[in-house]
Structures are given as C-alpha cells and as structure tokens.
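Please read all numbers here as calculations on a predicted model, not as lab measurements. Reminder, nothing fancy here: chain letters follow the sequence lines and each chain counts from 1.
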Amino acid sequence: MRKTFQVTIPLLLLMWVSPFPVHAQEKISVAVAANYIAAFQEIATDFEEKNGVKVEATFASTGSLYNQIKNGAPYDVFLAADEERPDLLQKEGWTDGTIIYARGKVILWSADQEFCKAATWRDALKNSRIKKIAIANPKTAPYGAASMVAVQKAGLEKSLQDKMVIAQTIAQSFQYASTQSVDAGFCALSAMSSPQGKEGCFYPVEEAPDIVQAACVAKNAKNKINAELFAAYLLCEDAAKIRKKYGYR
Amino acid sequence: MDFLALYVTLKLALVATAVLMVLAAPVAYFMAFSRFRGKSFVEALIYLPMALPPTVIGFYLIMLMGPKGFVGRVWETLTGGSLLFTFLGITIASIIYSIPFAVQPMKAAFQKIDPRLLDAASILGLSKMNAFLRVIIPNSLAGIAAAAVLVFLHSIGAFGVLLMVGGSIPGETRVISIAIYEAVETMNYSAAALMALSFIPVSFLFLLLVNKLNEGVRA
C-alpha cells in the first residue's frame, strides 16, 4: 500500500504541475457544428500556420453545443449551423454580434448507385426496397430541421415515418448512410467532398431551405484578440476558397 | 492516435481512483461492520450508480452542477467559473459513477478478515480508528487493490456520463472513449481502430490483475 502511494502520488503531482505541452502555445477553443468538420479542419490548419495560434475544436450538433454554452462551456468561438442559436446567444448576452460564415445545402445520399437512377429524390424514396433513411435530429441539428422541411413539403412525412432513423448530427447521418446501416441519408453537400462521399451518389434536395450558418465570438473569451482574429479569418478569401472546395458558399 | 485524449483519460482515471479509494474506505468499513435500521436502503442507494443508465446520472449531475444547480451556483460564487465542461467536473462525475465499484469489493474484503484479529485489537486497547488503519487495511490490501483496479478500469471506460457533463474539449474533457466515438462519427476509421485496439490489451491485463488479487484474498 505504501509503495503504491509512493508511486501514485508523485505521478499525480507530476501530471498536475506539468500540463501537456500544447498549453505552452497561444490557443483558442472553438465549438463547431458537425456538418462543418472537414472544411473546418483545413481552415483551422491554415489559420494555425498563418497566425501561430492553436485552434482546439469540439464537434457536435448545433443544439447540443448551444446547450453546452448555456451551461457554461468555455468556448471562445461558436460556429453554428443556423442563425437562430447565435442570435439567441446575442440576446442572452454571451456574444456582441454574429457573422455568417457559410451557406450549405442538403442532399440525399446513398452508397448504392442504383438508388440515384430515379428521376427525383422523392421518387427514389418511394421505392419499396428502401427500408431505412437516416435524418439528423431536427430538434438539435439545423440540417436535420431543413431535411424535415423538405420531407414535409414533398408530403412524404407519413410514408417515411417508420423508415426514419434519427442521427444525433448530420455527420452521423452520413456515417449511417456510408456504412450502409441505412439505405440512404439526408446529408450536407459537404459530405461529397470526402473520399467516402465520392463512393456514393446523391440527389440535391431543392425543397430544403439553404442552411445559413452563423458564428459568434464569446464576450468573455479567454483569448479575445485571437478569437476575433479567427472570426475575421473565416470571412477572408483564403477561408472562402477552402469553403467552396467543401461545397459551401 | 489522440495522445492528448489518452493523457486526459489516464489523468482522470488516476485522480478519480485515488480520491474515490480514500472516500470509499470508511463507507465500506461502515457497511461491513455496523448494523442499523435501514442499512439495506443505504446500501442500495450506494450501489444505485451501477444500476442507473449513465444518461440518468449525467442528467442529475448537469442539474446539480449547472449554472442553475445548487453545487454549480456555490462553485460559481467561490471561483467565478463553471463546473460543467471542466476536468474537475468530469472527475466528480467519474467518482460518483464508480462508487459501487470501490465500496463493494472493499466491503467484501473487510468482511473476510478473521474476527479474532479485530477482537485481539480491541482487547489490546486499540481504538476503532487505529484498528481500521493498522489491522483492517493491512489485512485487506489485495481486496483494496482489486477495488482500485476496478475503479480505474471503470473510469477509463466511462463514456455517456462524461459526454453529457464534459462535452469534448481537447485537453480538458475529451477522453479516449469520446475521441473514439468522434473518430467513428467522422469516419476516421484508422484512428478509431488504433485507439480501440489499444484498449483491449490494457483492459485485459488489468482484469487479469484483478483476478490474481482476488485469488490472493481467497487464499
């Protein structure tokens, strides 16, 4: 027992006083909506190289990140997949203002090339071979909400009710479709830029409204100058180029 | 391989195990040797985290530690910060989540001690406190170690509670189990496979150790 203590306690102390090396560098903490993961990783790397500020990202659905922020999560910047949550945060005094950093589109993606041979996505879904369709949770994922609007506009709500599989984020919806756990899934157009995305096929879903994605910087950000710098970078030409590559406008 | 997540995981498991073992030892002692009305109710309450879904524990911890919760408010007036989404927050969550795994094996180990030893201690004038420290603890080291290893493993494997209470903040609350989940979600399968694979030998070896320690108790 004493020996265990002799080993454990110095080890604990060591871990406490010597934080992981990354802490030495300047850094910002960014909460990112799941649809933007791929584009964000490239944008963050580019930003890190140009400014020498480390970007630490947390990915989840917009709704759950919003909830985390409401509960005091210490993010410096929030990249949402809608305008609604950043606007709410402004009303609640978390941020001074919001910017629009990307516009996205909803697609219906399938790993099965046969699926895309119908005239429209509506016809494709009417095929009796289609047993399961993934959709992101409309309550927490803006892409899920937009997908749901499209389903309702097309009048398919009732017929699809029992076939829908609810994913936590739009990224998870694509993961379900890509692993063929489901026959097709409502995804973000950005999914098509990934290697897995190119292996399948998709329909554009015109009925779904464009996803206007807004970002905001925390009023009390620990590293406000760098956080503001990052927000400004999101709007610059370099970031726009990367964004376009991933299917955003 | 997300080494930062690995570091957070090990740090979390070590801290949670160390703190919980110290806190749980007196509770296990109490459960092993005292008799009182309603003991089975208290015991069931202590083991409750084992039977509850992690989401239930997570929900109550958010209610308690959040900005509107009692603990969260006290913490905020004391430190000005939030308890959720911090390392301290997930450490508290891990400790609560693992209570049964510390208390149960220690209680069993304490009960296996020859009662004549305790009688002798009491006849020789040792106080209860001294008997606990100098007779019970040294005679149940294997059981205590087994409990510690179980708590350590349980903390390493925790997922749902930590995701709810801590989110996934790199270097702070993103542990390996969450890193694996995110790697799978973003279809980064090679990273997920590497991290997942690293779990198996570690968990296996530690479980072997628990078995060896328990055999020691029985012998």
Side-chain angles (χ1 to χ4, degrees), chain A residues 1-5 7-9 11-16 18-23 27 29-32 34-35 37-38 40-41 54-61 64-65 67-75 167-179 191 194-197 220 222, chain B residues 3-8 10-15 17-19 21-22 61-63 65-69 72 75-76 80-87 89 133 137-138 140-142 144-145 148-149 152 163-174 178 181-189:
Chain A
M1 193 72 181
R2 191 162 292 161
K3 234 179 213 163
T4 330
F5 272 126
V7 181
T8 325
I9 289 179
L11 199 63
L12 282 178
L13 287 176
L14 198 72
M15 284 183 130
W16 216 263
S18 66
F20 215 68
V22 292
H23 290 260
K27 58 168 189 177
S29 157
V30 187
V32 186
N35 76 86
I37 295 175
F40 184 83
Q41 278 164 343
K54 181 137 181 65
V55 178
E56 286 186 341
T58 297
F59 303 109
S61 73
S64 79
L65 290 171
N67 216 354
Q68 289 185 11
I69 288 170
K70 292 274 289 171
N71 277 314
Y75 300 119
Q168 284 315 303
T169 62
I170 194 72
Q172 196 176 50
S173 177
F174 177 55
Q175 184 227 330
Y176 288 172
S178 164
T179 53
S194 69
Q196 289 96 341
N220 302 321
K222 262 178 263 161
Chain B
F3 286 105
L4 188 58
L6 186 67
Y7 166 80
V8 175
L10 290 178
K11 182 167 139 184
L12 173 70
L14 271 177
V15 175
T17 307
V19 175
M21 292 310 286
V22 173
L61 285 173
I62 288 176
M63 290 291 106
M65 304 202 296
K68 291 196 183 95
W75 184 254
E76 199 167 343
S82 165
L83 206 48
L84 293 179
F85 313 106
T86 62
F87 182 73
L133 292 176
I137 298 270
S140 46
L141 281 185
I144 292 171
V149 174
F152 185 78
L163 190 64
M164 286 177 81
V165 174
S168 166
I169 297 169
E172 186 80 20
T173 63
R174 181 182 293 160
I178 290 173
Y181 174 72
E182 287 186 349
V184 174
E185 221 182 46
T186 52
M187 288 183 290
N188 191 352
Y189 289 139

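Using a 4.5 Å heavy-atom threshold, the side chains of Thr186(B) and Phe174(A) count as separate. Between Ile62(B) and Leu84(B) there is a side-chain heavy-atom pair separated by less than 4.5 Å. You'll find the side chain of Leu61(B) stays beyond 4.5 Å of the side chain of Met164(B), heavy atoms only. Two residues are said to be in side-chain contact when any heavy atoms from C-beta on lie closer than 4.5 Å; Thr179(A) and Tyr189(B) meet this criterion.
Within the 4.5 angstrom heavy-atom criterion, atoms from both the backbone and the side chain of Ala73(A) approach chain B. Neither the backbone nor the side chain of Val8(B) comes within contact range of chain A; no heavy atoms are under 4.5 Å apart. In this structure, the portion of Ala57(A) lying under 4.5 Å from any heavy atom of chain B is its backbone and not its side chain. If you measure heavy-atom distances from Glu182(B) to chain A, the contacts under 4.5 Å come from the side chain alone. Ser64(A) does not touch chain B: none of its heavy atoms, backbone or side chain, sits under 4.5 Å away. Contact of Ser168(B) with chain A is made through backbone and side chain together, with heavy-atom distances under 4.5 Å. Contact annotation for Gln172(A): both backbone and side-chain heavy atoms come within less than 4.5 Å of a heavy atom of chain B. Only the side chain of Tyr75(A) comes within less than 4.5 Å of a heavy atom of chain B; its backbone N, CA, C and O stay farther away.
Here the closest non-hydrogen pair linking Met187(B) and Gln196(A) is O-NE2, 3.2 Å.
Considering only residues two or more places apart in sequence or on other chains, Gln41(A) meets the side-chain hydrogen bond (donor to acceptor under 3.5 Å, both in side chains) condition with none of them. For Lys70(A), the salt bridge (charged side-chain N to carboxylate O under 4.0 Å, His left out) partners are Glu92(A), not counting sequence neighbours.
When each of Met65(B), Arg174(B), Glu76(B) is scored by its heavy-atom pairs under 4.5 Å with chain A, the top score falls to Arg174(B). Ranking Gly72(B), Ser82(B), Pro170(B), Gly66(B) against chain A, the residue ahead of the rest is Pro170(B), based on heavy-atom pairs under 4.5 Å.
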